[in-house]
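Below: one structure, written as structure tokens.
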Amino acid sequence: MEESIACGRGTHTRHTNPIRSTQSWCSRSLPAFSSSSSSSFSSAERAHASGVSFDQNYQITWGYNHVAPLDNGREVQLSMDASSGSGFASQKSYGSGFFNMTIKLPGRNSAGVVTAFYLISHGDRHDEVDFEFLGNREGKPITLQTNVFADGVGNREQRILLWFDPTADFHSYKVLWNHHQIVFYVDDIPIRVFKSNKQIGVPYPTQPMQIEASLWNGDSWATDGGRTKIDWSYAPFQAHYRGFDISGCEFQSQDAGRCYSLAYWWNLQKHWVLDEEQERQLEDVRKNFMNYDYCADRSRYPVPPPECR
């Protein structure tokens with residue numbers, strides 16, 4: 001289930017799948033891959049300009065007094081307390097690209113707190129591609145939820161437990177979006193693929209989208225299905241973001257088709273599907289770290305959605 005809530009200028013989607021876990025960080029086994037491994041991108045494709053400042057490509061959208069620039073604008077701290085959360089968005093919209101953000105999540109007791117990084121269009125039948133980090137009580141793992149909306153239709157949640165503590169240091173979270181697939185990456189490891197299946201009637205994100213990030217109150221659903229609420233004695237909660245360069249095709253209404261051009265490396269044929277090594281990494285994640293997949297939820301979908309068959 002889903003409902004939209006407005007936070008300043010940001011609109012976020014919250015979900016009510018009561019996925020619970022009692023694992024601690026130390027009880028999880030390491031994956032069969034290294035977080036630094038990647039065979040699919042050239043050095044040029046993986047390069048990000050660390051010197052790009054926030055103001056060059058982004059702007060604050062809500063919670064203005066809860067946003068603090070750090071390191072000469074190369075890092076931004078979002079804060080949330082009982083009065084407000086905060087968020088920012090790219091100044092431009094994009095029609096395809098490889099979008100990266102490096103994030104350090106709020107530490108200590110963050111139950112009920114949602115840290116988000118996502119792409120979103122604006123309008124009644126919007127497209128959206130989400131990373132949502134669902135906070136937890138201290139010592140318990142933070143869940144990463146991904147979701148895809150197309151033509152206003154969502155309810156495509158997948159959830160994984162990360163193989164590291166995302167509150168201890170910065171990690172990179174990326175989205176590759178072209179006309180053939182959307183791939184979610186954590187430290188260059190693919191964790192999810194959503195393929196274009198328009199030929200069987202499955203909508204696929206094609207609208208121009210902004211890049212957005214936010215820190216907000218999700219305690220009605222985010223932790224233990226909403227049973228564990230935010231402990232405001234731990235406020236302010238703080239998330240840190242870096243990596244404000246953008247590898248994307250800036251949308252221009254007079255030439256929308258150019259964002260599918262092979263002149264952009266992320267549109268090249270080698271990025272239409274995962275390579276063999278990426279497929280193995282994805283399978284490792286699904287086998288060892290996934291704890292919810294909408295495709296397997298027969299209580300919600302007695303007949304699997306067409307993209308799941």
Side-chain angles (χ1 to χ4, degrees), residues 10 34-38 40-63 66-80 85-107 114-120 128-133 142 144-146 162-178 182-192 209-216 237-251 264-266 271:
S34 164
S35 293
S36 62
S37 65
S38 177
S40 58
F41 303 116
S42 69
S43 57
E45 291 168 352
R46 295 176 64 192
H48 293 279
S50 59
V52 175
S53 69
F54 175 84
D55 290 337
Q56 289 178 251
N57 290 320
Y58 289 89
Q59 59 193 359
I60 302 169
T61 50
W62 63 286
H66 287 63
V67 181
L70 303 171
D71 190 21
N72 295 317
R74 291 188 289 269
E75 181 177 326
V76 161
Q77 173 186 281
L78 296 185
S79 295
M80 184 181 75
S86 50
F88 63 83
S90 60
Q91 298 172 19
K92 307 291 186 179
S93 293
Y94 300 88
S96 66
F98 186 57
F99 305 101
N100 170 77
M101 197 66 70
T102 306
I103 308 171
K104 182 180 179 182
L105 302 185
V114 178
T115 306
F117 163 52
Y118 53 103
L119 310 177
I120 188 169
E128 186 173 345
V129 178
D130 294 329
F131 278 103
E132 291 179 314
F133 302 88
I142 289 174
L144 169 55
Q145 174 170 282
T146 59
L162 295 167
W163 50 94
F164 52 84
D165 179 356
T167 73
D169 204 350
F170 286 89
H171 291 268
S172 70
Y173 306 94
K174 302 182 177 78
V175 174
L176 183 144
W177 171 38
N178 59 35
I182 294 167
V183 186
F184 297 77
Y185 295 90
V186 174
D187 290 338
D188 293 326
I189 304 298
I191 64 161
R192 179 176 185 175
M209 293 192 280
Q210 285 180 278
I211 309 160
E212 301 196 12
S214 57
L215 183 66
W216 54 285
F237 302 97
Q238 297 173 337
H240 293 254
Y241 291 78
R242 295 174 181 168
F244 301 121
D245 59 301
I246 298 175
S247 298
C249 170
E250 184 179 327
F251 180 77
Y264 296 106
W265 66 259
W266 53 83
H271 297 300

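- When every heavy atom of Leu215 is checked against every heavy atom of Pro106, the shortest pair comes out as CD1-CG, 4.0 Å.
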Exercise for review: Please assess Phe237 against Thr115 for the test side-chain contact (heavy atoms from CB on, under 4.5 Å), listing each intermediate value before the final yes or no.
Suggested key: CA-CA 10 Å; Phe237 302 97; Thr115 306; over 6 Å; no
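- Side-chain contact between Ile211 and Asn57 is absent, with no heavy-atom pair separated by less than 4.5 Å.
- Rounded to the nearest 0.5 angstrom, Asp169 CG and Phe164 CZ are separated by 10.0 Å.
- At least one donor-acceptor pair closer than 3.5 Å links the side chain of Gln91 to the backbone N or O of Tyr58.
- Side chain of Thr61 to backbone of Gly87: a donor-acceptor contact under 3.5 angstrom is found.
- At least one side-chain heavy atom of Ser172 sits less than 4.5 Å from a side-chain heavy atom of Thr102.
- By the 4.5 Å heavy-atom criterion applied to side chains, Asp188 and Lys174 are counted as neighbours.
- What you find for Gly107 and Thr167 is that their closest heavy atoms are CA-CB, 3.8 Å.
- Atoms CZ and CD, from Phe88 and Gln210 in turn, are 12.0 Å apart once rounded to the nearest 0.5 Å.
- No donor-acceptor pair closer than 3.5 Å links the side chain of Asp245 to the backbone N or O of Val52.
- Side-chain contact between Tyr118 and Glu212: present, with at least one pair of heavy atoms (C-beta onward) separated by less than 4.5 Å.
- Two residues are said to be in side-chain contact when any heavy atoms from C-beta on lie closer than 4.5 Å; Glu75 and Phe170 meet this criterion.
- To the nearest 0.5 angstrom, Leu78 atom CG is 8.5 Å from Trp62 atom CH2.
- Nearest heavy-atom pair, Gln238 versus Ser79, reported as atom, atom and distance to 0.1 Å: CG-OG, 3.6 Å.
- Between Pro190 and Tyr185 the shortest side-chain heavy-atom distance falls below 4.5 Å.
- A distance-only check finds no donor-acceptor pair linking the side chain of Ser53 to the backbone of Gly73 [under 3.5 Å].
- Annotation: the span from Phe117 atom CZ to Ile103 atom CD1 amounts to 6.5 Å, rounded to 0.5 Å.
- Judged by distance alone, with hydrogens and angles left aside, the side-chain atoms of Asp130 form no donor-acceptor pair with the main-chain N or O of Thr146 at under 3.5 Å.
- Counting heavy atoms from C-beta outward, Pro69 and Phe54 have side chains that stay 4.5 Å or more apart.
- To the nearest 0.5 Å, atom OG of residue Ser214 and atom NE2 of residue His66 are 14.0 Å apart.
- Contact of the Phe98 side chain with the His271 side chain is not registered, since no non-hydrogen atoms from C-beta on lie closer than 4.5 Å.
- Pairing each heavy atom of Ser96 with each of Trp266, the nearest pair is OG-NE1, 2.9 Å.
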**Study point:** Derivation and outcome, side-chain contact (heavy atoms from CB on, under 4.5 Å), residues Tyr241 and Gln77
**Key:** CA-CA 6 Å; Tyr241 291 78; Gln77 173 186 281; over 6 Å; no
Practice item. Check the pair Arg242, Asp71 against side-chain contact (heavy atoms from CB on, under 4.5 Å), reporting the backbone distance first and the verdict last. Key: CA-CA 10 Å; Arg242 295 174 181 168; Asp71 190 21; 5.9 Å; no
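- Distance check, rounded to the nearest 0.5 Å: CG of Leu176 to CZ of Phe184 gives 11.0 Å.
- Asp187 places no side-chain N or O within donor-acceptor distance of the main-chain N or O of Ile189, the cut-off being under 3.5 Å.
- Pro166 and His171 make their closest contact through CA-CD2, 4.4 Å (heavy atoms, listed as atom of the first residue, atom of the second, distance).
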Review point. Checking side-chain contact (heavy atoms from CB on, under 4.5 Å) for the pair Trp216/Glu132: CA distance, chi angles, key distance, verdict?
Key: CA-CA 11 Å; Trp216 54 285; Glu132 291 179 314; 3.8 Å; yes
